[in-house]
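Since the structure comes first, as structure tokens, the remarks are kept for the end.
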Amino acid sequence: MSSTMRGLPAVHRLLAEPAVAAYGALLGGGALTRAAREVLDGERARIRDEGGEPSPFAELIGRLLTRLAEEESAGLVAAVNAAGVLVHTNLGRAPLADEAVVEISRIAAGYSNLEFDLRAGVRGSRYERVNALLCEVSGAEDALVVNNNAAAVLLVLDTFAKGREVVVARSQLVEIGGGFRIPDVLRKSGCTLVEVGATNKTYVADYQRALTTESALLLRCHTSNYRIDGFTHEVSARELAELGHRAGVPVVEDLGSGTLVDLARYGLQGEPTVQETVAAGVDLVTFSGDKLLGGPQAGVIVGRKPLVARLRANPLLRALRVDKLTLAALAATLRIYVQPEALERIPIYRMLARGVEELEAMLNGIRLRLEGRVDAELRIVSTSAYVGGGSLPTATLPSRALAVRPRHGDAETLARRLREHRPAVVGRIEGSEVLLDARALRDEDLQTLHDALASTLAGA
Ligand SMILES: *Cc1c(COP(=O)(O)O)cnc(C)c1O
């Protein structure tokens with residue numbers, strides 16, 4: 001053991017501090033010991049990587065208390081998304097509009113008419129209010145909300161296709177992150193997958209030949225995270241809907257992200273909207289609440305009334321239902337879509353609407369305040385940001401990032417320290433720089449980003 005390592009206190013000395021010991025009753029002795037070991041391990045790693053003296057005892061206690069306070073608050077830590085991916089699943093997908101946040105807190109603290117008809121004084125429907133909004137914004141006849149889009153697909157398959165056949169194009173047998181694979185979901189739902197077409201080309205005739213008396217559904221899946229380019233042919237939603245209607249087989253589309261806005265206005269081509277898909281004649285359309293809709297985690301199903309009625313009658317729905325907070329936030333978000341001029345009240349759309357000059361100005365403000373005060377080189381660079389969350393996998397958004405090159409220590413260490421700051425700051429490393437992308441920043445993140453860099457680089 002080197003002499004600097006010898007300067008570190010023993011675990012039992014940290015645990016003897018009264019402020020630390022007070023956490024024993026809340027978290028248990030095991031959690032305390034584990035947290036103290038982690039703080040000391042982190043300190044050892046820092047000394048090994050960067051050299052220098054061990055931090056003062058009081059600072060180690062401070063770090064340990066921060067860690068314990070986090071554990072006590074169940075561990076979710078607010079983060080600044082400087083990764084340049086708007087709908088970042090690992091960072092909690094879409095941030096909510098202020099209206100949705102207000103609605104959640106208004107409903108959360110008390111009772112509400114969740115399942116109560118105030119006029120008649122009898123039991124009411126939990127979904128009625130949000131369904132009316134969903135029909136209005138999508139143009140569909142009826143709607144249903146479940147826990148997430150994976151649950152929506154599961155409910156559709158269970159209701160219509162258990163023990164029967166589902167026809168899907170080979171090119172659309174997608175695996176979304178987190179192990180959600182269309183072929184596996186079909187099998188798990190007791191359906192038989194009938195693949196049609198080749199990887200690159202599928203025609204209406206391929207679907208037609210696959211139809212039998214056992215066909216329960218024709219399923220289209222949004223290829224959320226890949227593109228098949230080159231020599232290709234795909235059957236459109238309209239063509240498939242026409243075939244389904246001729247054959248008397250319902251057509252379902254899993255849209256994945258499911259935007260209600262034509263993204264061409266933001267320079268992003270080729271993402272079909274929910275309204276277009278409904279208008280094309282698809283019988284049921286499923287999509288997520290927390291991707292490009294910009295709402296809470298939820299799965300939305302919109303479509304034809306008799307089919308939605310069958311979904312509603314499935315006992316499985318009880319296990320997939322959403323709570324009052326989700327419904328409150330979803331309704332508040334959808335109300336913004338009813339007034340199109342208000343769209344940018346949804347954070348994702350405010351981020352999409354920003355020009356690169358605005359992004360540059362945001363970062364320049366931080367750069368000018370930090371320059372000369374931190375031990376790092378700062379410059380603004382052009383980057384490409386992504387929408388993420390299962391939409392437009394190959395489309396990029398022009399963006400700008402603050403590139404930070406520490407004069408002492410390396411980019412990995414700086415990136416780790418920014419992640420350990422509270423709120424956490426998540427950027428990405430390119431060569432010897434940490435890139436902090438402006439595209440997914442909210443206005444209120446700018447001060448946090450400044451403070452995180454100032455404190456992280458002060459002692460570097
Ligand atoms: C994201 C996605 C899902 C899963 O949606 P969740 O809301 O995360 O359950 C399903 N299908 C497609 C095509 C997707 O992009």
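First listed ligand is number 1; within each ligand, the first listed atom is number 1.
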Nearest protein heavy atom to atom 13 (C) of ligand 1, by residue and atom, and its distance? Ser224 OG, 3.1 Å

Among the heavy atoms of Gln297, does any lie under 4.0 Å from an atom of ligand 1? no

Pick from Val145, Val146, Leu330: which one makes a side-chain contact (heavy atoms from CB on, under 4.5 Å) with Val322? Val145

May I ask you to check whether Asp323 and Thr326 show a side-chain donor-acceptor distance below 3.5 Å? yes

Report, in ascending order of atom number, the atoms of ligand 1 lying under 4.0 Å from any heavy atom of Phe180. 10 (C)

Under a 4.0 Å threshold between the charged nitrogen and the carboxylate oxygen, would Glu103 count as salt-bridged to Arg106? yes

Nearest protein heavy atom to atom 9 (O) of ligand 1, by residue and atom, and its distance? Ala150 N, 2.9 Å

shortest atom 7 (O) of ligand 1-to-protein heavy-atom contact is with Ser288 OG, 2.7 Å

Using 30° and 60° as the class boundaries, would you call the ring planes of Tyr349 and Tyr337 parallel, tilted or perpendicular? perpendicular

Between the side chains of Glu165 and Thr212, is a donor N or O closer than 3.5 angstrom to an acceptor N or O? yes

To check your reading of the model: name the closest protein heavy atom to atom 10 (C) of ligand 1, its residue, and the distance in Å. Asn149 ND2, 3.1 Å

Under 4.0 Å from any heavy atom of Arg93, which atoms of ligand 1 are there? 6 (P), 7 (O), 8 (O)

Can an N or O of Ser257 be found at a distance shorter than 3.5 Å from an N or O of ligand 1? no

Residue pair Asp410 / Thr413, side-chain donor-acceptor N/O under 3.5 Å: yes

Residue, atom and distance of the protein heavy atom nearest atom 11 (N) of ligand 1 read Asp254 OD2, 2.7 Å

Side chains of Thr232 and Asn200: do they bring a donor and an acceptor to under 3.5 Å? no

Can you sort out which atoms of ligand 1 are near Lys291, meaning under 4.0 Å from one of its heavy atoms? 1 (C), 2 (C), 3 (C), 5 (O), 14 (C), 15 (O)

Ignoring hydrogens and angles, state whether a donor on the side chain of Asp437 or Thr383 is under 3.5 Å from an acceptor on the partner side chain. yes

Within a distance under 4.0 Å of any heavy atom of His222, pick out the atoms of ligand 1 and give their elements. 13 (C)

